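The figures here come from the full heavy-atom set of this structure, side chains too, leaving out hydrogens, waters and symmetry mates. Throughout, protein chains are lettered first and strands after them, A, B, ... in sequence-line order, and every chain is numbered starting at 1. What you see is a predicted model, and the numbers here were worked out from it, not measured in a lab.
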2 protein chains.
Amino acid sequence: MERFQDICRTHRLKMTPQRTVIYREIIRDKRHPTAEMLYRKVRRTFPTISFDTVNRTLRGFCRVGLIDAIESSGRGRMYEPNQVPHHHIKCRQCGAIVDFQDPVFDRLSVPDSIRKKYNIIGKRVVLIGTCPTCQQKGGRKHGNQG
Amino acid sequence: MERFQDICRTHRLKMTPQRTVIYREIIRDKRHPTAEMLYRKVRRTFPTISFDTVNRTLRGFCRVGLIDAIESSGRGRMYEPNQVPHHHIKCRQCGAIVDFQDPVFDRLSVPDSIRKKYNIIGKRVVLIGTCPTCQQKGGRKHGNQG
DNA sequence: CTCGGTGCAAAATGTTTGCAAGTAC
DNA sequence: GTACTTGCAAACATTTTGCACCGAG
């Protein structure tokens, strides 16, 4: 929550009640919610808020680095709090993305040839496969990978 | 091209001229084209093809594993031929994704705890940063990460 | 008091579906 | 000949923009 205050000040974002509630909800959320999902949650404590504000606020949070977005065309952009380093497993069937942590992956070093050209600010391992649920169901939806 | 034939047969996909042209174009493309970009290229050798067919065909190719999709809400889904193992650098500013290869990254082993639950069929390191072009321009567009 | 933020509505963008006619096998 | 495909158009889902009013700093 201090992080929120800090970053708002540095970027001259006003700490409106809407933004405060939105931030509180997204860092509490352990999944990767979309704007729509967050909107539904936030409305419980702030019934007059508009979907538009939630959506626009999330974009803004991304811009200043408070949170990250995980693109997933079709079913809507997903957001995640940008805190501890972690990695992703993505289910090829249902598209769900779950986090996992791994000290070895955290310590991967970026090749010099790339550091020379790019300003790398983050890294992540993405595993692609089939989640337990989809393995049982043999369910299918779309197949993709990032 | 044999791969194309094989997979079409195994999945009972008809090898229509449209599909052949689309496949040829996407494996030739070194970027990560969207359906729209591919449509424009394919139309040069197949002027009567519809955007819809390109779009639907690409989805189909994903389903059977001929190619992969990289989700990127907003500017449209990007596709890539699914050949050699490789990794991604994603520019936080312009959203461009470029491939790179790295033997060390290729050899990363998936933790047993995950293998036990998930059926992992692929893995990839994703670096997030700023590309050379955006560093110069200081350009901005959207900020996100997968 | 001022500038950025909010909420509403409209516009833009991109994806998916239904269907009749066409074609690979 | 049959089942899968294509192309077109409409339906959907989602994101983005314009603008008047409001409120945090």
Original post:
Of all the nucleotides listed (C:dT23, C:dT17, C:dG7), which has the minimum atom distance to the side chain of B:D52?
Top reply: C:dT17
**OP:** Give B:T48 one of three labels, base, sugar-phosphate or nothing, depending on what nucleic acid heavy atoms sit under 4.0 Å from its own.
**Re:** sugar-phosphate
Original post:
Once you round it to whole Å, what is the distance between C1' of C:dT15 and CZ of B:F51?
Top reply: 8 Å
Original post:
Do A:R56 and A:D52 meet the salt-bridge criterion of a basic N to acidic O distance under 4.0 Å?
Top reply: yes
Original post:
Does the pair B:D68/A:R92 count as a salt bridge with the N-to-O cut at 4.0 Å?
Top reply: yes
**OP:** Measure from NE2 on A:H11 to C1' on C:dG5 and round the result to the nearest Å.
**Re:** 17 Å
Subject >> Side chain of A:N55 (C-beta onward), nearest among D:dT15, C:dA24, C:dT6 >> reply: D:dT15
Original post:
Do the rings of B:F100 and B:H87 sit parallel, tilted or perpendicular, given the 30° and 60° boundaries?
Top reply: tilted
Subject >> Spacing of B:L13 atom CG relative to C:dT23 atom C1', expressed in whole Å >> reply: 15 Å
Original post:
Do any side-chain nitrogens or oxygens of B:R19 fall under 4.0 Å of OP1 or OP2 in D:dT5?
Top reply: yes
Subject >> Length of the line joining B:R63:CZ and D:dC4:P, which is rounded to integer Å >> reply: 11 Å
**OP:** Give, for atom CZ of B:F46 and atom CZ of B:R24, the distance between the pair rounded to the nearest 0.5 Å.
**Re:** 11.0 Å
Subject >> Rounded distance (Å) that lies between atom P of C:dG14 and atom CG of B:L58 >> reply: 15 Å
**OP:** Examine C:dG7: is either OP1 or OP2 under 4.0 Å from a nitrogen or oxygen in the side chain of A:S50? Give yes or no.
**Re:** yes
Original post:
For A:K14 and C:dC3, what is the distance between atoms NZ and P respectively, to the nearest whole Å?
Top reply: 9 Å
Subject >> Atom-to-atom span, CD of B:Q18 to P of C:dG22 - whole angstrom >> reply: 14 Å
**OP:** Could you give me the CA-CA distance, side-chain angles and deciding distance for A:Q18 and A:T57, then say whether side chain to side chain contact (heavy atoms under 4.5 Å, CB included) is met?
**Re:** CA-CA 9 Å; A:Q18 286 92 331; A:T57 298; 5.6 Å; no
**OP:** To the nearest Å, give me how far apart CD1 (A:I22) and C1' (C:dG7) are.
**Re:** 12 Å
Subject >> B:T16 side-chain N/O to D:dC4 phosphate OP1/OP2 under 4.0 Å >> reply: no
Original post:
According to a strict under-4.0 Å criterion, is B:R77 in side-chain N/O contact with OP1 or OP2 of C:dT16?
Top reply: yes
Subject >> N/O donor-acceptor pair, side chain A:R56 with base C:dG7, under 3.5 angstrom >> reply: yes
Original post:
What nucleotide, of D:dT17, C:dT16, C:dC8, holds the atom closest to the side chain of A:R59?
Top reply: D:dT17
